[in-house]
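Before any comments, here is the structure.
Lettering of chains follows the sequences in order, A, B, ..., and the numbering in each one begins at 1.
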Amino acid sequence: MRRIGVFVCHCGTNIAGTVDVKTVAETLGKEPAVVYATDYPYMCSEAGQNIIKDAIKEYKLEGVVVCSCSPRMHEATFRKAVSAAGLNPYLLEVANIREQCSWIHKDMEAGTAKAIVLGRAAIAKVQLNAPLIAGESPVVKRALVIGGGIAGIQTALDIADAGYPVDIVEKEPTIGGKMTQIDKTFPTLDCSSCILTPKMVECAQNENITIYSYSEVEAVTGFVGNFSVKIRRKARFVDENKCTGCGVCTEKCPVKNVPDEYNLGLSNRHAAYIPFAQAIPNVAVLDKNRCIKLTKGKCGLCSTVCSAGAIDYEQKETIVEEKYGAIVAATGYNPIKIDGYDEFAYSQSKDVVTSLEFERILKADGPTDGHLQRLSDGKQPKTIVFVQCVGSRESGSSHGCGKEYCSKICCMYTAKHAMLCREKYPDTDVYVFYIDVRTPGKNYDEFYRRAVEQYGVHYIKGMVGKVAPQADGSLMVQASDLISNEQLHVKADMVVLAAAIEPDKSARPLATMLTASMDTNDFFTEAHAKLRPVESPTAGVFLSGVCQGPKDIPETVAQAGAAASKVIGLLAKDKLSCNPCVAHSNEMMCNGCSSCANVCPYGAITYADKDFSRRQDGSMIRRVASVNEAVCQGCGACTVACPSGAMDLKGFSTSQIMAEVDAICK
Amino acid sequence: MQVNNEFRPKIVAFCCNWCSYAGADLAGTNRANYPADVKIIRVPCSCRVNPMFILRAFQRGADGVILCGCHPGDCHYTTGNYYARRRMTMLFSMLSYLGIEKGRTRVEWVSAAEGAKFAATMNEFVETITALGENKRLEDLRCKK
Amino acid sequence: MKKIALTKLDELFAAIAASKSLYLPVDTEKGAKYTAWTEGAKLSEATNTVRSAKDFFFPQVEDMASFKVEGKKIEVIDTRKEAEDFVVFGVRACDAKSFEILDSVYLVDPVDSYYASRREHGVVMTLACSRPTETCFCKAFGIDAAEPAGDISCWKTEDSLLLKANTEKGQALLDSLSMLEDAEDTAADAVKAATREIVEKLPLSNLSTDAFGGDKLSALFDSDKWESLSESCLACGTCTFVCPTCQCYDIRDYDTGHGVKRFRCWDSCMYSDFTLCAHGNTRTTQMQRFRQRFMHKLVYYPANNNGVFGCVGCGRCMRSCPISMNIVKVMKTLEG
Amino acid sequence: MQEVMKKRASELLADGTVVRVLGWKNGEFAYDPTPAVFQTVESLEAFVYNDFCASNLSKYLIKFLRQEGKTLVFLKPCDSYSFNQLLTEHRVIRENVYIIGVPCDGKVAEDKLREKGAEGILGIETEGDQIKVKTLYGDLDLNKKECLGERCLSCKSHQVVVFDEMLGENGEENPDCGRFDMVEKLEAMTPEQRFEFWRGELSKCIRCNACRNICPACSCEKCVFDNPASGISQKAAADSFEENMFHIIRAFHVAGRCTDCGECSRVCPQHILLHLLNRKFIKEMNECYGEYQAGAEAGSRAPLVNFTMDDCEPSIIYTKEAGK
């Protein structure tokens with residue numbers, strides 16, 4: 001029997017309020033193995049930790065039980081303390097008497113009795129705890145950033161700046177993401193391209209950065225410090241190394257009617273194309289679905305005009321396999337499809353556009369060369385209505401595509417749009433219909449007030465009920481003004497819908513590959529909502545930008561930098577200590593039946609024939625399992641699949657769990 | 001267990017570390033309420049729970065056992081709860097076949113964000129077990145006081 | 001000698017059961033089983049019960065002591081209870097002989113008080129065989145199926161049950177049964193003769209034991225036939241558990257959560273953890289374990305008990321072994 | 001058939017294809033053959049194959065396949081499923097064994113003869129469906145069909161599913177065997193009735209381990225019940241709970257791996273209907289996860305080491321029960 005010390009925390013009154021901590025300490029002190037038991041107001045404080053350290057030395061403790069808050073909170077703290085006193089950190093158990101006891105129960109008697117039982121269970125378990133030593137695994141000093149928007153770019157630049165190689169995988173032919181499509185940025189109204197392009201160029205020029213554009217992640221295996229990733233490089237039918245980006249092929253290409261993604265389909269491009277002038281890499285790509293040569297085998301014009309000889313119709317997609325120490329998800333977002341919102345007549349009228357389409361209309365390289373025009377007749381709109389929260393903050397989505405959350409960026413960009421309209425075209429009437437105007441952020445509210453006060457934008461609290469295209473080409477907007485409590489009819493020339501944003505569709509399959517968790521909206525879940533906002537619960541996977549939740553550019557850049565600093569912190573280590581709570585196979589009992597390997601999600605179990613011959617029994621070669629401790633993540637699926645009980649899990653062994661069961665049920 | 005002539009069930013709840021245990025913590029943080037009869041055992045994943053543990057709990061005097069894990073599809077280890085789901089289905093099947101009252105065992109998927117669900121589930125489970133009364137069919141008389 | 005009409009058997013059983021618990025073989029769907037007598041219970045006609053009668057004196061599981069643990073205090077509780085008086089009726093000659101073998105182990109110094117208490121309180125009423133079967137070979141071990149031992153020996157004739165007391169305990173029981181009538185001492189001679197006649201015709205009655213005994217130790221131990229004899233043994237304990245003379249037990253402690261219950265239970269030399277010691281196991285192969293069982297019955301036991309063999313030829317192992325390996329095959333193979 | 005088998009065994013031993021033959025050896029009486037290994041042509045004299053050769057030989061291969069040389073084994077349909085399952089679990093090595101499939105139309109159970117009053121058996125002769133039992137107390141003419149072992153009455157398949165050569169005609173699967181009839185009957189009972197039924201059955205258990213040790217799926221190097229470190233080791237059922245525990249855990253450990261060969265019930269000296277536990281699992285898994293027959297195909301993935309994303313929830317068991 002081990003010599004156990006029990007330390008009961010009051011947590012101020014958090015525990016002591018509904019649990020009689022003195023009685024708990026006193027009762028547990030009578031348990032057969034317990035040689036010392038005490039209580040203290042804050043066990044996690046330095047003084048509290050010192051009580052534990054001193055007791056370990058004075059009473060020669062061989063196991064420590066701390067009855068306190070959840071182990072998720074302070075297990076690491078107490079392990080450190082125990083370790084500092086010379087005891088193996090895994091000879092500690094935490095009995096959760098706060099979150100799962102004192103905070104739940106109002107009755108002092110019941111709470112105290114339960115705390116004692118939980119303490120007993122921890123004592124029973126710690127009796128059987130094995131001193132574990134964390135193994136080490138080397139760190140591959142290379143990072144992968146998935147997504148080449150501003151989030152990915154910033155993360156990559158920061159990691160590269162710290163001296164580590166980093167690869168960007170971008171599924172489009174160019175990096176840049178949504179920010180390339182935006183005209184001006186709030187709240188300073190500086191040009192989006194002007195601030196983004198230098199960063200894109202820097203990515204291309206930085207020796208530490210490799211850009212895999214037009215590529216997607218195919219498979220991820222491994223674990224923190226040692227991921228192995230397969231990247232599928234789609235065939236662009238242009239040799240990236242030869243192409244000079246001169247653009248001749250894109251001009252000569254006879255296929256001219258492909259909807260241009262960069263302009264959200266508001267204009268057309270050629271089958272051979274460079275997405276936009278500042279694309280990085282500045283390399284053409286042939287649209288394999290539209291190129292005549294690739295679809296019908298004829299044409300070949302681009303090849304003849306390409307002086308660099310870069311066109312390669314035979315190019316195949318390739319798989320690049322690379323090892324990484326850390327992976328950053330920066331998969332970004334898209335506006336939701338709003339075809340379902342019939343009331344806004346989006347599908348019926350060309351002059352009902354989304355905000356991102358409106359950005360394209362305002363931007364100089366857009367379909368209207370930056371002139372504010374109606375897409376139907378090219379006329380300059382005199383009255384523009386902006387509708388907020390289209391698909392955002394929708395409860396019980398009636399349209400099947402709405403989101404419960406606030407998309408966060410719409411209020412600000414709408415203020416920007418309204419302001420730009422009024423500035424460039426002062427004769428335009430601008431209405432904004434909103435539920436709330438949300439402007440938290442430095443200089444944000446000032447910006448919004450400028451739109452109202454300085455630029456005379458009509459902000460009306462209320463939702464638009466219907467947009468009806470009229471015979472004269474105008475749009476009749478029916479809305480309610482909630483403040484004056486009246487129905488409004490605004491005859492508009494253009495309606496701009498602030499569509500909600502949602503995570504990019506590629507995020508869900510990626511999360512599965514990364515074994516990273518997601519919330520119900522397919523945003524990546526962070527390890528802790530407040531304290532670890534840029535880390536995924538899956539070790540070695542970090543989050544950058546909107547893939548974690550809606551955010552604007554400054555926030556995205558801040559988070560991208562934070563993710564980068566976490567990655568740098570990880571890559572700066574030569575070795576990582578592994579979770580020692582991993583599976584272990586007892587060869588003497590192993591049947592070699594492969595049940596465990598069948599259920600292992602990590603492929604951590606391998607088999608080998610081993611010689612167990614003994615003098616009396618003659619030759620005996622058996623197939624037995626062994627666990628790669630660096631690969632095993634400690635889920636324990638194998639332990640139950642194993643009929644003989646040869647497979648056990650350190651830290652959560654069968655005997656430990658049964659001891660807890662026994663202690664609880666007695 | 002009889003306390004002042006009133007039956008108080010003994011209930012063991014196995015909770016996976018990543019979702020349900022955190023959900024149970026959240027229930028506490030939110031000051032939710034459920035009976036003290038429920039005692040939680042932390043396991044890394046629902047797939048760590050051997051049917052043997054559940055039988056053991058009944059042997060030692062538990063009146064009800066509940067297993068909580070991440071929602072299918074959300075397992076921290078990707079697939080653990082899928083295996084747990086099959087194993088528990090089969091265990092329930094066998095217990096029912098042996099004539100053990102239905103409802104003594106339960107599986108519930110509780111995420112880290114579902115503190116309220118955790119508390120509600122526990123309240124409901126305690127109610128069910130209290131109605132079923134003492135576990136007589138899977139008891140070990142030697143373990144009774 | 002006493003007698004009672006077969007038609008009045010129920011009366012007799014009722015009278016015995018009035019003062020003591022009475023057990024007797026009763027037919028079940030799958031063979032005869034010793035069962036506590038209750039009104040209407042019918043005595044089985046079967047040659048023998050599936051399980052042996054040793055259960056009465058040496059039950060499969062028996063509590064020995066308890067330890068109550070409270071905090072750091074441990075209290076030892078003697079859970080032994082005085083056994084209540086009981087009567088076992090219908091024990092065959094082979095099982096009756098097995099009690100002598102168990103006695104020679106448990107009633108010699110140091111006396112096993114648990115066993116002794118049951119022996120003291122139990123009255124054995126044997127019943128001579130009338131329809132021995134092909135798996136019977138008691139004769140090979142010098143047992144007369146027509147003359148069973150026990151506190152009281154009984155014979156069934158066409159119309160009556162004959163009873164003869166062999167011990168004081170038996171005599172006292174007979175004396176207490178007023179419905180018994182006197183009978184001639186020779187009344188059972190005819191049924192005895194008939195039984196002996198059938199026994200002569202049994203295929204295994206002439207099984208020879210000449211090749212066995214305490215003096216044949218090394219030749220038998222080193223025989224190269226054990227290997228093939230044991231090759232299909234499954235290492236289950238069926239033979240030992242149905243055997244009336246197998247007497248090995250294990251002592252185990254069971255942690256109840258608030259104390260410890262110490263109990264003993266049958267063990268089997270066929271099990272891999274039999275003879276497991278701190279240093280390891282002296283018998284590492286099934287051949288060795290298999291050999292042990294038969295060497296014990298045929299060599300070691302007679303060596304220590306004046307040549308008496310540790311088998312009574314009841315034939316239960318022959319009927320229950322999953323792979324039909326048994327002591328008869330072993331004897332014939334080793335002998336041949 | 002016996003003579004054909006002997007002949008093939010002799011040939012294969014003689015030409016060195018195999019170094020040992022795993023078969024059955026005649027016993028003391030007509031009804032008690034023992035599984036045996038024959039290493040010489042001469043020893044095959046004692047080889048026997050008759051209506052009483054019920055033992056499933058496949059489990060022995062685990063032991064023999066660790067020894068040198070190829071083993072010839074005769075597999076009946078039941079045994080061949082077990083062999084495939086062992087192959088799936090890497091317990092046997094296909095290359096090290098030469099399988100001769102032998103057809104089986106059911107094996108006669110000794111206890112059925114006893115039930116029909118056969119005691120003092122001196123000889124048994126079978127001719128077609130007729131069994132003539134000569135006993136000390138008179139002769140009996142019995143019908144073989146009425147004397148078949150319980151498991152043979154609901155035989156799932158007469159087909160040998162893996163072999164190198166087949167002697168005689170291979171049979172077919174028998175999907176209408178009604179092997180789940182008794183399970184269904186139990187399912188239709190109230191929980192109380194079921195509880196009583198199983199108490200009655202399992203309380204007979206003497207923990208002799210015959211069921212476990214004969215079971216081809218229970219081939220663990222060390223069984224959890226024999227392993228003090230497992231925390232649940234037990235030598236005898238010291239409480240009614242332990243009787244349940246042993247059989248539940250055993251059924252669970254073989255769930256998805258049990259081929260339903262019925263050896264457990266055949267060998268139980270207490271005649272407990274153990275196969276009904278295994279069949280329940282087979283039936284339930286079939287219903288929840290689709291038809292699966294362990295051992296039908298080597299390398300198949302058993303239901304409990306498999307899953308689909310849209311598997312039913314455990315509560316389905318309660319819904320099912322409520323529906324009854």
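- For the pair A:Lys114 (side chain) and B:Pro35 (backbone), a donor-acceptor distance under 3.5 Å is absent.
- Each of B:Ser46, B:Cys47, B:Cys16 was compared with A:Cys635 under the side chain to side chain contact (heavy atoms under 4.5 Å, CB included) criterion, and only B:Cys47 meets it.
- B:Lys10 places a side-chain N or O within donor-acceptor distance of the main-chain N or O of A:Lys666, the cut-off being under 3.5 Å.
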Could you walk me through whether B:Arg60 and A:Met658 pass the side chain to side chain contact (heavy atoms under 4.5 Å, CB included) test, one step at a time?
CA-CA 10 Å; B:Arg60 294 296 169 140; A:Met658 287 205 299; over 6 Å; no

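- Across all non-hydrogen atoms, the minimal contact from B:Asn50 to A:Thr639 is ND2-O, 4.3 Å.
- Contact count against chain A (heavy-atom pairs under 4.5 Å) is highest for B:Asn33 among B:Leu26, B:Asn33, B:Thr79, B:Asp74.
- With a threshold of 4.5 angstrom between heavy atoms, A:Ala516 does not approach chain B through any atom at all.
- Heavy atoms closer than 4.5 Å to chain A are found in the backbone of B:Val49, but not in its side chain.
- The side-chain heavy atoms of A:Cys69 and B:Asp25, taken from C-beta on, include no pair separated by under 4.5 Å.
- Using a distance-only test at 3.5 Å, with no hydrogens or angles considered, no donor-acceptor pair links the side chain of B:Arg56 to the main chain of A:Val661.
- Note on B:Lys39, B:Arg31, B:Gln59: by heavy-atom pairs under 4.5 Å with chain A, the leading option is B:Arg31.
- Both the backbone and the side chain of B:Ala22 come within contact range of chain A, with heavy atoms under 4.5 Å apart.
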Given B:Thr29 and A:Arg98, is the side-chain hydrogen bond (donor to acceptor under 3.5 Å, both in side chains) satisfied, shown in steps?
CA-CA 9 Å; B:Thr29 310; A:Arg98 193 179 75 173; over 6 Å; no

Between A:Trp103 and B:Asn30, is a side chain to side chain contact (heavy atoms under 4.5 Å, CB included) present by the stated rule, with each step listed?
CA-CA 8 Å; A:Trp103 278 354; B:Asn30 294 343; over 6 Å; no

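- Interface residue B:Arg42: backbone and side-chain heavy atoms are both found under 4.5 Å from chain A.
- Contact count against chain A (heavy-atom pairs under 4.5 Å) is highest for B:Ile40 among B:Ile40, B:Thr78, B:Val12.
- At a 4.5 Å heavy-atom cutoff, the contact between A:Leu118 and chain B is made by side-chain atoms alone.
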